[in-house]
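Handing you a structure now.
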Amino acid sequence: MQLFPCPFCGPRDETEFHYGGDAGNVRPDGADVPIDRWAGYLYLRGNPKGTAREIWVHMNCGEFFVMERDTITHKVLSSAALGGEHTA
Amino acid sequence: MTASRLATGGSAIDRSRPVRFSFDGATVLGFAGDTIASALLANDVAVVGRSFKYHRPRGVWGAGVEEPNALVDVGGPQATPNTRATTEPARDGLVAKSVNATPNALADRNAFLDRFSRFIPAAFYYKTFMWPDWHMFEPRIRAMAGLGKVDTDWTSPGTADQINHHCDVLVVGAGPAGLAAAKLAAGAGLSVTLVDDQQKPGGSLGHRAGEIDGKPAAIWVEETVAELSAGGHLILPATTAFGIYDHNLVGLNQRHFDGRRDTLWRVRPRQTVLATGAIERPLPFANNDLPGILSADAALAYLRRHAVLVGRRIVVATNNDSAYEVAGTLAEAGADVTLVDIRRDGMPDAPAKVPLVKGRALSAAKGRLRVEGVTLDDGTKLDADCVLVSGGWTPTIHLFGQAKGKLSWSEASAAFVPGDPVDGIAVAGAAAGAVSLSEVFAGSKKAVASLGETKATLPRSTGPEATSGIAAAWPVPGSKGRIWIDYQNDVTVKDVELAARENFVSVEHLKRYTTLGMATDQGKTSNLPGLALMAGITGRTVPEVGTTTYRPPFTPVPLASFAGARVGELMAPVRRLPLENVHRDSGAVFQEYGGWLRPAHYGGRDADADRVIQDEALRARRSVALFDGSTLGKIEVIGPKAAEFVNFLYYNTMSTLKPGRCRYGFMLSENGVVFDDGVLVRLDEHRFVVSCSSSHVAAVHARLEEWRQDRFGREAVYIHNATSDMATLTVSGPNARKLLETLDLGLSLDDAYLPHMAIGHGRYGGDAVRIARVSFTGDRSYEISIRADRAEPLWAHLRQAGQAFDAVLIGLEALMILRAEKGFIVIGKDTDGTTLPHDLGSEGPRSKRQSEYVGRRSLFTEEASRGNRLQLVGLTVPQGEAPLPTGAHGIKRADGRLHSQGFVTSSYQSPTLGRPIALGLIERGATRHGETIEIQHLGKVRTAKISAPCAFDLAGERLHA
Ligand SMILES: [Zn+2]
């Protein structure tokens with residue numbers, strides 16, 4: 001079982017977390033966003049081999065944060081609150 | 001084999017405490033400290049089981065976890081199938097039965113299968129029984145193969161404890177390497193946890209000669225353990241480290257032997273030291289699976305620990321030095337021992353009284369139910385009642401492999417040893433390939449060196465030491481006779497050759513094709529010989545062939561350990577209403593709805609339930625109903641940007657909602673699909689309550705939090721899930737207001753002050769109450785929210801006041817009928833994962849709204865604008881007919897085929913209308929009101945008329961009546 005560092009609670013078991021998607025998947029606003037762009041926002045995922053920047057939420061405290069981790073070694077590289085005011 | 005118990009000796013047994021148990025119906029006598037296997041050997045029971053496929057007679061092979069043959073089903077209250085007789089303590093009254101044998105191991109009636117063995121090679125069954133259908137043959141074939149049987153009368157002795165544990169250093173294995181590492185780590189001021197799968201620590205020192213720091217090894221073990229205990233370190237005997245998981249979590253399974261379930265430990269150490277030892281390998285020769293052929297090291301363990309001499313005329317066959325101590329010790333104990341060494345030179349001197357045959361290997365063993373003799377590769381025949389083999393040592397590196405540690409091939413020890421180190425994991429002792437005690441201790445020092453300066457001194461071996469030196473003795477292709485590689489799964493040299501011929505040359509294919517290493521022993525004695533044979537067949541080196549993936553568990557772990565307390569009700573705990581007990585007293589029949597345990601109806605069970613539900617719904621329309629709606633979501637959204645926030649979250653414009661008012665709306669997912677529906681309450685300018693579906697509160701809350709944190713910022717909005725803070729008691733029906741007016745709620749119920757879709761604040765007793773004029777029944781309704789812990793008096797008061805109005809308690813089933821009469825939907829029941837808001841008739845925001853909201857862009861795709869979308873409708877069937885089955889499909893006939901036109905989502909008998917009602921999602925349904933459609937269910941076709949979803953009080957006058 002992996003240990004993820006919640007920026008607010010410290011290292012916790014992975015079962016306490018939910019995955020929230022790729023970090024940096026910016027939402028395009030508007031009814032006239034080109035459909036390809038909207039489809040990309042909804043469905044296209046990087047699925048990188050190696051370093052990945054991801055959004056996770058710690059279900060216990062309810063806080064979302066950005067975590068960088070290696071998808072091969074499962075090593076956690078960094079984690080920071082959205083907006084960056086807390087890091088762990 | 002004529003095995004026997006010696007009159008004296010045996011470090012593990014207590015002769016003052018005899019035990020008596022049964023094996024295959026016969027009485028077996030032993031002593032406390034015996035295992036089932038040692039007691040069977042002491043009673044000269046040679047055949048202890050039958051093999052998986054050929055039903056060959058099999059005897060005890062090893063003395064520990066590696067045992068491939070001696071599996072028994074243990075019966076009684078702690079019944080466990082396929083228990084290794086070598087690790088299961090003998091105890092009074094224990095009932096053990098051999099596996100895969102009918103009626104017993106000695107006289108198995110399926111033994112004839114062995115005579116057909118050459119017709120049933122690897123994959124025979126799959127190749128032969130393909131026509132007409134494997135499943136026709138499967139049950140009988142499976143009944144003939146296999147191992148133990150599950151005891152269906154077994155009852156659970158309770159749940160297993162699970163413990164989370166942290167320490168600086170976890171040492172796995174309490175042999176010389178583990179004890180030394182633990183001692184050094186403790187001396188560095190670190191907290192140590194030492195685990196060992198044996199009941200007594202010491203590992204190989206329990207039966208191998210040794211002298212440490214000038215003392216006999218046994219004394220050194222005792223002192224070291226005492227020192228660790230005194231230092232407050234945790235020592236867990238009878239505990240197996242079965243797996244290393246991500247981020248070096250180590251799983252332990254601890255046995256208790258007192259009737260308690262095993263305990264699962266989840267350990268997160270800073271450093272793990274694997275001192276897991278090594279497992280002796282068999283040697284390849286024909287009929288090497290006969291009872292009476294044992295691991296040489298096991299024979300020594302049985303002698304020194306249990307005072308069991310495994311035979312009288314013993315041939316010890318080896319390719320390395322470790323069997324010399326065995327041969328010498330058995331000879332001293334009175335056996336007539338001949339040592340056969342594959343090596344021509346470089347070996348130690350033969351022990352006293354032991355003739356040594358150099359440069360020879362065994363080519364075959366003979367015997368039927370037990371070994372009677374051997375033939376050497378030069379044709380020499382030797383009589384023997386027992387054959388001990390040592391084919392070298394395989395380091396126990398399973399945990400290192402599980403931790404993704406790379407292995408490297410050691411030609412010197414003819415085995416894989418740990419390669420590049422893995423962060424947080426060190427390997428020491430025989431697991432790292434060490435042979436002598438000096439090497440072992442040097443490894444222990446290295447394993448803990450990075451953890452800091454230690455005050456403890458490194459143990460020193462002061463006696464004679466084991467020496468290394470091995471000549472590889474792998475199975476070779478083209479050998480004569482049947483040579484077993486995997487005893488438990490009956491894989492022979494010929495099976496591996498067949499796999500190679502059919503091009504299953506990759507180890508992973510070899511494993512699955514032949515089932516090599518796939519039995520309950522996971523190939524602890526067989527994997528490496530199998531790989532080496534494949535290397536020989538295909539002209540590759542062993543490391544070129546490689547190993548299969550190491551996966552947990554190292555030894556079988558009871559599922560009960562993994563489950564822990566999460567069984568029965570705790571498997572998926574229900575959420576409970578604050579008034580549950582009050583409802584129970586009222587005769588409520590409870591059901592689970594979306595995770596909540598709620599009254600389905602009050603009184604009436606089974607056949608009577610329908611009548612009770614109909615009655616509840618009818619009386620609710622007639623006068624007034626009381627309903628516990630406490631599960632309704634109550635998520636507060638507070639802050640300067642609260643209005644902007646809810647406006648973005650809802651499909652419907654919410655920013656224009658006035659304080660004190662409510663509005664019904666949808667929440668969409670970003671793909672436009674309706675995610676939730678409900679009423680939004682605006683308490684004041686910057687404060688809203690999201691009243692979402694009962695079963696959806698957690699999901700809606702998570703979604704609100706996500707948008708809050710990702711888009712609006714933590715300071716702009718604050719979200720509080722107050723669902724469980726308050727109970728919500730609903731009063732609904734034409735007489736709802738009259739009933740409420742008999743209570744003093746401290747506010748005017750006049751419609752001018754509290755109209756439909758408005759809220760009012762009052763008091764009940766000393767507590768604030770919030771009253772919302774919101775209706776899910778279509779009748780005038782008041783939802784009264786009060787502190788959950790103060791709800792009971794209010795509920796009692798409502799019921800008492802209700803008597804004058806013939807008020808009825810209604811459960812969720814009646815409520816479902818009432819809402820369906822009105823065409824009100826339940827998300828996830830009347831919608832699915834493709835339903836868009838305009839499919840439900842809510843087109844306004846989509847066509848008019850200018851501001852941004854979740855899911856907006858998805859409502860303007862080609863798919864969203866498709867003309868033949870499924871749309872919400874009512875479905876009417878003639879009076880007197882039964883309600884439509886929920887899930888039945890609307891159909892269209894075209895091209896001689898049936899095409900689905902959508903389906904029925906909700907269907908009930910309406911007591912108010914006296915006919916069935918239904919809701920459905922039907923293709924182009926909104927434009928087809930008045931049309932007749934065929935509805936098919938399980939081959940039967942009926943007709944229904946498409947209508948508007950609402951079937952009752954079309955003008956909505958009852959909301960204000
Ligand atoms: Zn947290």
Side-chain angles (χ1 to χ4, degrees), chain A residues 1-8 10-43 54-66 69-76 80-86, chain B residues 164 166 243-251 266-268 403-404 422-424 552 635 648 669-673 698-699 701-716 718-721 845-865:
Chain A
M1 204 180 326
Q2 300 179 79
L3 278 182
F4 290 161
C6 170
F8 302 87
R12 311 285 302 186
D13 275 347
E14 64 173 295
T15 51
E16 295 182 2
F17 296 83
H18 277 190
Y19 176 61
D22 288 355
N25 182 23
V26 177
R27 181 186 198 271
D29 281 4
D32 53 356
V33 174
I35 195 64
D36 288 352
R37 179 123 190 266
W38 183 252
Y41 160 69
L42 281 183
Y43 300 119
E54 300 167 335
I55 304 280
W56 286 80
V57 58
H58 186 209
M59 300 305 287
N60 297 40
C61 70
E63 298 292 339
F64 287 76
F65 60 96
V66 180
R69 58 184 202 100
D70 189 306
T71 57
I72 302 167
T73 62
H74 289 186
K75 209 178 188 135
V76 175
L82 293 181
E85 62 264 50
H86 291 85
Chain B
N164 293 317
H166 296 260
I244 292 192
Y245 300 84
D246 272 324
H247 295 178
N248 293 351
L249 173 79
V250 185
R266 286 181 285 251
V267 189
R268 291 217 184 260
K404 308 275 190 301
V422 172
D423 277 356
I635 303 173
F648 178 70
S669 295
E670 281 283 58
N671 60 7
V673 171
H701 182 212
R703 214 162 260 226
L704 297 184
E705 273 296 343
E706 184 173 3
W707 286 114
R708 164 186 173 254
Q709 293 178 36
D710 191 32
R711 186 178 173 99
F712 289 81
R714 288 186 175 80
E715 286 72 29
Y718 175 74
I719 293 167
H720 171 58
N721 182 359
R846 179 176 181 245
S847 50
K848 298 198 191 86
R849 203 178 147 177
Q850 294 304 308
S851 54
E852 191 62 13
Y853 56 90
V854 174
R856 182 187 186 193
R857 179 65 185 87
S858 294
L859 300 183
F860 302 97
T861 61
E862 215 174 289
E863 169 63 17
S865 313

Applying the side chain to side chain contact (heavy atoms under 4.5 Å, CB included) test to D246(B), which of K75(A), H74(A), M1(A) qualifies?
-> H74(A)

Given Q2(A) and Y245(B), is the side chain to side chain donor-acceptor pair (under 3.5 Å) satisfied, shown in steps?
-> CA-CA 8 Å; Q2(A) 300 179 79; Y245(B) 300 84; over 6 Å; no

Who among H18(A), E14(A), R27(A), M59(A) has the most heavy-atom pairs with chain B under 4.5 Å?
-> R27(A)

Pick one of side chain, backbone, both or neither for D710(B), based on which atoms fall under 4.5 Å of a heavy atom in chain A.
-> both

To the nearest 0.5 Å, tell me how far W707(B) CH2 sits from F64(A) CZ.
-> 10.5 Å

Pick whichever of P28(A), G30(A), G20(A), G62(A) has the most heavy-atom pairs under 4.5 Å with chain B.
-> G30(A)

Test salt bridge (charged side-chain N to carboxylate O under 4.0 Å, His left out) on D13(A) and R268(B) and set out the steps.
-> CA-CA 11 Å; D13(A) 275 347; R268(B) 291 217 184 260; 2.9 Å; yes

Short side-chain to backbone donor-acceptor contact, R857(B) and V33(A), under 3.5 Å = yes

Please name all residues satisfying side chain to side chain contact (heavy atoms under 4.5 Å, CB included) with E63(A), sequence neighbours left out, ordered by chain then number.
-> F8(A), C61(A), Q709(B), R714(B)

Sidechain-backbone polar pair: H247(B) side chain, V76(A) backbone, donor-acceptor under 3.5 Å | no

Where does L42(A) contact chain B at under 4.5 Å (heavy atoms): side chain, backbone, both or neither?
-> side chain

Side-chain donor/acceptor of E852(B) to backbone N/O of D29(A), under 3.5 Å | no

To the nearest 0.5 Å, tell me how far R708(B) CZ sits from L82(A) CG.
-> 10.5 Å

Enter the distance from N671(B):CG to Y43(A):OH here, rounded to the nearest 0.5 Å.
-> 4.5 Å

